Amino acid sequence: MFLSALPSLLLFCHQPARAAELRNITLGLVSPNISTQLPIVVAQQAGLFKDEGLSVHAVTIASGGTLMVAILTSGHADLVVSGVAAIMRAIERGAPVAVVSGFQNKIDFALIGSKQLTRLEDLKGKTVGVTSAGSFSEFAVLEALKRRGFVRDKDYKLLAAGSTQLRIGALKGGKVDAIPLSSGERHTLEDEGYPVLLEVGKVVPEIPFAVTVAAKAFTAKEPDLVVRFIRALGKSMQLIKTNGDRAIQLAVAGKLRSNLETQRRALNYFAQDLDVDIERENIIAVLSALGIKGEPERFFDRTYLTAAMVKP
């Protein structure tokens, strides 16, 4: 089995479960991005979830964190992977959910400009198209441009331009002058000569892109399933980091909707940022950027992550 070639995975060692003992988990994914989909597909195709006694059914819901919280609290999903900003806002408003592990610990958006722009300073007086008001793309753009000295509505305007394809259409049609795109989406435009104005993750390196979230009712009822899921996910991410070719093979076997060249190029941007571990300081950084007060433990329960990472 290929896992024998990955000694660093000993951190996540366990006793494999029999197929008859598989427990079902429904996982909600907020993004179709390859960086979100790949760790789940690899874990499924490599049998890592099965080894933990889990049968994970993943469903992608093209919506924001608010809906993800709703499907968690209603019991329609056991766990979700979502952008961190909306989750924090929901918890601040009293949602009975908590971050239980990291997922992608750096924002992999690039701000892609129109062909009339050559550098970030050219963006002044222009319009940036984000997914929607309150979306993670809006949060990431606002925070990154603020750190580069740009003031919203003074130096630039934001426009809710919709999904990835709608944003790309708005950029090509001249309705906006720049858009954020993830690692799996940016290459086509770069190849067509559209400039990269800003690598968002390099400007806000301490803010994670996505996290794993659970309803408190689920963690109270099935704490061991949460631990097992995190452990399998950690193995998957380690495989992706150490054996990218194998990860791509598993993605193809899992019929991940993305061409091989896009997958390989995207891996160069996000692979090393995949990690179930997340630090208290990362949560503090997010809360500070969002202007949310409160102790990080209100938002992040490290109990299950710690259990998943214990050496045998």
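Everything quoted here is computed from the prediction, not taken from an experiment.
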Do the charged groups of Lys172 and Glu192 touch, with an N to O distance under 4.0 Å? yes

Taking the six-membered ring for Trp, are Phe229 and Phe49 parallel (under 30°), tilted (30 to 60°) or perpendicular (over 60°)? parallel

Any donor-acceptor pair under 3.5 Å linking the side chain of Arg167 with the backbone of Val176? no

Is any NZ, NE, NH1 or NH2 atom of the basic residue among Lys216 and Asp301 found under 4.0 Å from an Asp or Glu carboxylate oxygen of the other? no

Verify whether the ring centers belonging to Phe209 and Phe270 lie closer than 6.0 Å. no

Ion pair check, Arg228 and Glu222, cut-off under 4.0 Å: no

Ignoring hydrogens and geometry, is there a side-chain-to-backbone donor-acceptor pair from Glu143 to Ala140 under 3.5 Å? no

Give the intermediate values and the outcome of side-chain hydrogen bond (donor to acceptor under 3.5 Å, both in side chains) for residues Ser236 and Gln44. CA-CA 9 Å; Ser236 176; Gln44 289 171 327; over 6 Å; no

Between Asp78 (side chain) and Thr26 (backbone), is there a donor-acceptor pair under 3.5 Å? yes

Please assess Glu206 against Lys106 for the test salt bridge (charged side-chain N to carboxylate O under 4.0 Å, His left out), listing each intermediate value before the final yes or no. CA-CA 7 Å; Glu206 77 282 15; Lys106 186 179 289 185; over 6 Å; no

Going through the distances and angles, do Arg186 and Asp191 end up as a salt bridge (charged side-chain N to carboxylate O under 4.0 Å, His left out)? CA-CA 9 Å; Arg186 58 189 284 184; Asp191 291 345; over 6 Å; no

For atom NZ of Lys241, is the number of surrounding heavy atoms from other residues, nucleotides or ligands below 6.0 Å larger than 12? yes

Would you kindly check if the NZ (Lys) or CZ (Arg) of Lys124 is within the cone defined by 45 degrees around the ring axis of Phe150 and under 6.0 Å from the six-membered ring centre? yes

Quick test of your reading of the model: are Arg302 and Glu297 salt-bridged, counting only N-O distances below 4.0 Å? no

Is there a salt bridge (charged side-chain N to carboxylate O under 4.0 Å, His left out) between Asp224 and Arg23? Walk through the geometry before answering. CA-CA 11 Å; Asp224 188 52; Arg23 299 287 302 280; over 6 Å; no

Is the charged tip of Lys115 near the ring of Tyr194: under 6.0 Å from the six-membered ring centre and within 45° of its axis? yes

I want to know whether Tyr269 and His187 have ring centres closer than 6.0 Å. yes

